[in-house]
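Chain naming here is simple, since letters A, B, ... match the order of the sequence lines and numbering starts at 1 in each.
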2 protein chains.
Amino acid sequence: MTKRIKRRSDCPISFALDIFGDKWSLLIIRDLMFKEKRTYSEFLISEEKISTNILADRLAKLEDAGLISKFRCLYSLTEKGIDLVPVMVEIIRWSANHDKKTGAPKEFVDRIKHDRENFIAELTMCLSTGR
Amino acid sequence: MTKRIKRRSDCPISFALDIFGDKWSLLIIRDLMFKEKRTYSEFLISEEKISTNILADRLAKLEDAGLISKFRCLYSLTEKGIDLVPVMVEIIRWSANHDKKTGAPKEFVDRIKHDRENFIAELTMCLSTGR
DNA sequence: CTGTATCCTTAGGGATACTG
DNA sequence: CAGTATCCCTAAGGATACAG
């Protein structure tokens, strides 16, 4: 089942928000990107407790938008999805800066500050080689 | 009127999404950050056509979250809001990479690629000095 | 295990009128 | 101009049962 999205304007921020501007999509991306989750049931057991219908809906939308792909019940990030790594990294950095309770590991944030470019290249390569 | 937000987990991505994970908040940030909008009526006339009740709701939430502040009916970004510049820049870069129709100016994207760090520092300074 | 389907509640949102 | 208030509708979301 495909889930089309309506476009509000030609603004690049608006374009991105039309795709992942909600409370759940980026959590699924996070689980694929940083937690090596790949199956439906693995996504279900996140700390935020997504419900089954919402999960199915977002998986379909993300697949339709070309951020993730599915092969025999295993989900993975596409190139377009992997290219969100810098966005995710900056969000994590922002949260680490402005929330004392956030679970972002200190070494992670320090590493970003220290050598952000290398980190992104490295992580992207690591992700694109499957596993 | 203050608008509190419920927290879903201690994850930094989730923390950020709880604050600006919707279709409108980052558009208001965009208008403050890149379009020098500062008044209620200026926000209202965006291309995406936000309605009055939603605008009032998001302004209250963003103010409560400490991303924007209000002084005599003029809104501006706080330090916490200005610190979203790298996030916004990466979103714009991502959209420019994956959408042919996006309105992101070529020079803007090239400039990011060429010297991202300088760009951010410069823009942040420009924003923090008011105007 | 991977989803669908259903029921129900709440939140988001559009339109428009109205107030200080 | 800067919002509030109201009406009304749709989308989002939680719970849970069910199917392949």
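- Residues B:E48 and A:L59 both approach DNA chain C. Their nearest nucleotides, taken by heavy-atom distance, put A:L59 toward the 5′ side.
- Of the charged side-chain nitrogens involved, at least one lies within less than 4.0 Å of a carboxylate oxygen, so that A:D18 and A:R8 count as a salt-bridged pair.
- At a cut-off of 3.5 angstrom, counting only N and O atoms as typed in the model, there is a donor on one side and an acceptor on the other between the side-chain of B:T52 and the base of C:dT16.
- Look at CD1 on B:I50: it is 8 Å from P on C:dG14, rounded to the nearest Å.
- Rounded to a whole Å, the NZ atom of B:K49 is 12 Å from the C1' atom of C:dA15.
- Between the side chain of A:S25 and the backbone N or O of A:F20, no donor-acceptor pair lies under 3.5 Å.
- Atom CD1 of residue A:I19 and atom CD1 of residue B:I91 lie 11.5 Å apart, to the nearest 0.5 angstrom.
- In this structure, B:I68 atom CD1 and D:dA2 atom P are separated by 14 Å, rounded to whole Å.
- Distance B:L74 CG to D:dG3 C1': 14 Å, rounded to the nearest Å.
- The distance between atom CG of B:L55 and atom C1' of D:dC1, rounded to the nearest whole Å, is 13 Å.
- Separating the CG atom of B:D18 from the P atom of D:dA12 is a distance of 17 Å, rounded to the nearest angstrom.
- Residue A:N53 places no side-chain atom within donor-acceptor reach of the base of C:dG3, judged by atom type and a 3.5 Å distance cut-off alone.
- Protein atom CD of A:E42 is 12 Å distant from nucleotide atom P of C:dG3, rounded to whole Å.
- For A:W24, no side-chain nitrogen or oxygen approaches OP1 or OP2 of D:dA12 to under 4.0 Å.
- Look at A:K23 and you won't find any side-chain N or O under 4.0 angstrom from OP1 or OP2 of C:dG12.
- Within the 4.0 angstrom heavy-atom criterion, only backbone atoms of the sugar-phosphate kind lie near B:Y75; the bases stay farther away.
- Salt-bridge annotation for B:D99 and A:R7: present, with a side-chain N of the basic residue lying under 4.0 Å from a carboxylate O of the acidic one.
- When heavy atoms are screened at a 4.0 angstrom cut-off, B:R58 is found touching the sugar-phosphate backbone but no base atom.
- Summary of the strand contacts: A:I54 and B:K70 both lie near DNA chain D, and taking for each the nucleotide with the nearest heavy atom, the more 5' one is attributed to B:K70.
- B:Y40 places a side-chain N or O within donor-acceptor distance of the main-chain N or O of B:T52, the cut-off being under 3.5 Å.
- In this entry the distance linking CG of A:L44 with P of C:dC1 reads 10 Å, nearest Å.
- Using a 4.0 Å heavy-atom distance criterion, A:S51 is classed as a base contact.
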